[in-house]
Amino acid sequence: MSTLRFHAIKESLNRKPLKIEEKERRSAIFGANVFNESTMRQSLTKDAYKSVMDAIENGSKINRGIADQIASAMKDWALSKGVTHYTHWFQPLTGATAEKHDAFFETIGNGLAVEKFGGGQLVQQEPDASSFPNGGIRNTFEARGYTAWDPTSPAFIYETTLCIPTVFVAYTGEALDYKTPLLRALSAVDDAAVAVAKYFDKNVKKVNASLGWEQEYFLIDSALVAARPDITLTGRTLLGHSPAKGQQLDDHYFGTIPNRAMSFMRDLETECMLLGIPVKTRHNEVAPNQFELAPIYDEANLAVDHNSLLMDVMEKIAYRHDFKVLFHEKPFAGVNGSGKHNNWSLSTDTGVNLLGPGKTPMSNLQFLTFFINTIKAVHKNEELLRAAIASASNDHRLGANEAPPAIISVFIGEQLTRVLNGLESVTKGKLSPEEKTDLKLNVVGKIPEILLDNTDRNRTSPFAFTGNKFEFRAVGSTANCANPMTVLNSIMAKQLIEFKVEVDALIKEKDMKKDDAIFNVLREYIKQSKNILFEGNGYGDEWQAEAEKRGLSNNKTTPEALKARVSKQTIDLFEGLGVMNKTEIEARYEIEIEEYTLRIQIEGRVLGDIARNHVVPTAVKYQNTLIENVKGLKDIFGKEFKVYAKEQVELIQDISKHIEAINSGVTTMTNERKNANSIENSEKKAVAYCHNVKPLFDEIRYHCDKLELLIDDELWPLTKYREMLFTK
Ligand code: ADP
Ligand code: MG
């Protein structure tokens, strides 16, 4: 066995779970490392506190004097907790979080030093941003970008550093991060939803989008991963034969959480508590060594920050426990991949969940209004939603009979389907008193009791209504939720604006009552967007055919899907709402398409490297042993040796065939990469990588995996699937 693999297995087998002691109740430490509302109330003057709260609730500006006060209070609070540095924490378009640490420490002459942190440093900072992806924005306009404080997401302490959540923008104002457009989309949906909610309750002043993500991941022993250059460099296995036992017994899903993983989770949860991330659920997932973690949902911007932070924290805690956490959507072939369901809803400052059915017919009409508008928005923008979850890694998962298909559809359940059918048949124009009563009693009035037993959940649907929220299930496990959340909230904002215009027009021009007008518009919406509703099996081939008939898109690959990012409809949507301008939209598209190419390019290189430098030499070594053996048999048995050497000779031939296939496969792939690289146009280059390079991976992998089965286990250099997936 290769020394690396031998030691890796030995090391992993000897591991014991770390002892995790929890001395305090979780509720007692929750948010202890967050500069949250209660800390601010204690440490800020009344004016400063009011000013921050006003900024959080109404987006008002904080003046310089107040910023100085806040910075000083933040610094004192941080110093009291042993913090030495501060950083502007942001989410550039690389998908990771970024930070540049500065010490509070400053010299003031005469050999003296103090800790300093002023409003200026709190509010704005210039990271050395030249190496973050910008899709050409900064080349075209300005050389620099800056980070600016986002008071809606509280500062927190992580590893002796005060982290200040910020947006990242170019000096010319274009967003260079995930957060900026998200904040703009949230503000747009707030305005639009308040206007509609006022039909039902004049007191509504603010609507918040909420997000509850469910993070899936794999935990693999770090020593075993170290013997896998593919995982180390690409986050997934590019080869590896499936083990004799996979997930077919479902024993992991129903089993208890293994000890080492449990100790990791408890450690992680303590850190999450300190950081104010309200993690609530933990459980095993379907595949071996796969798990899920979910928090209590939160306001969407905060929830997005929490998820990004969590992914960072998970990697660090995993390190402490000698694990590597894999966020990749498909780290192992043959077992399930990972996703990140995005549970989404809208709720008012009066405490009403707009996607939760209420107790009275009126509140149910409000529910139906938001419910049907969501369906309409998804129908109209299904391609953009598909684009929002497109990535090289998520391509492996979507449509792979374990995750939703690449076709976006909405599942609402049998009972709500019946309600919509009932609504669809309401009379055009003014409703008769009898019809209204019937509607209220038999359609709208039936909703609450119905939803309680609406338990039939369709796991194959990419966008499902689950009682009081929609669940966007097609989001990948590596994704930054800001991207799908920006799209979802934007399309909803636009939809609600249009809805209000239509309802108001009926009230004004057709002299309709408000209820009548709402019923009329909703009826038309149901008719127009019916095609997006699908209750059947999303994995079946019939659905692909049916979806095509219905005119729904089925964009199977990322380059295909991403086109919707820059369509006229998308540009109109984002520009109209002030979420992104054309330059920002095009820059993002450019970044995403390039990222796709880079990912496949790196995978191709790594696969070629492993195949030629690990697999083929190992195969040759084993083949030589066989040849020696055959020669020896000949020495002993003379002519009769063939009887005894039959199997060995066949093996020698088989190995040669596979080596030949690997070499020609790698050569073809290298040539295709060269061809693709010579293409200037980034879109065409991505398509070439998608259609000419990527398919060759399977061929190369097939022969490598065959060799894995033929070659003496003692010689195989890479840790095997069974070792990585079944080590507890
Ligand atoms: P599952 O989908 O695994 O069956 P649940 O339906 O209980 O689990 O909830 C999944 C997630 O949905 C949780 O993170 C929860 O916080 C979140 N959630 C519940 N209500 C809302 C809501 N109104 N808005 C957004 N997320 C929500
Ligand atoms: Mg879920």
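The first residue in the sequence is number 1, and the count goes up from there. When a ligand or atom number is given, it counts from 1 through the structure's own listing order.
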Which ligand 1 atoms, with their elements, are less than 4.0 angstrom from a heavy-atom of I296? 16 (O)
What atoms of ligand 1 come within less than 4.0 Å of a heavy atom belonging to N353? 23 (N)
Mind telling me whether F168 and F90 have parallel, tilted or perpendicular rings, with 30° and 60° as the class edges? tilted
Counting heavy atoms not belonging to K316, are there more than 12 under 6.0 Å from its NZ? yes
Compute the ring centroids of F218 and F291, then answer whether they are less than 6.0 Å apart. no
Are W543 and F534, when compared by the centres of their aromatic rings, separated by less than 6.0 Å? yes
Numbering the atoms of ligand 1 from 1, which are under 4.0 Å from a heavy atom of E471? 2 (O)
With nothing but distance in play, are any N or O atoms of S210 less than 3.5 Å from an N or O of ligand 1? yes
Could you check whether F465 and F371 have their ring centres less than 6.0 Å apart? yes
For the residue pair Y158 and W89, is the inter-centroid distance of their aromatic rings smaller than 6.0 Å? no
Checking heavy-atom distances from atom 13 (C) of ligand 1 to each of P295, A209, S347, P278, the winner is P295
Closest heavy-atom approach to atom 5 (P) of ligand 1 among R473, K280, K469 is made by K469
Where's the contact between E214 and ligand 1, heavy-atom distance under 4.0 Å: side chain, backbone, both or neither? side chain
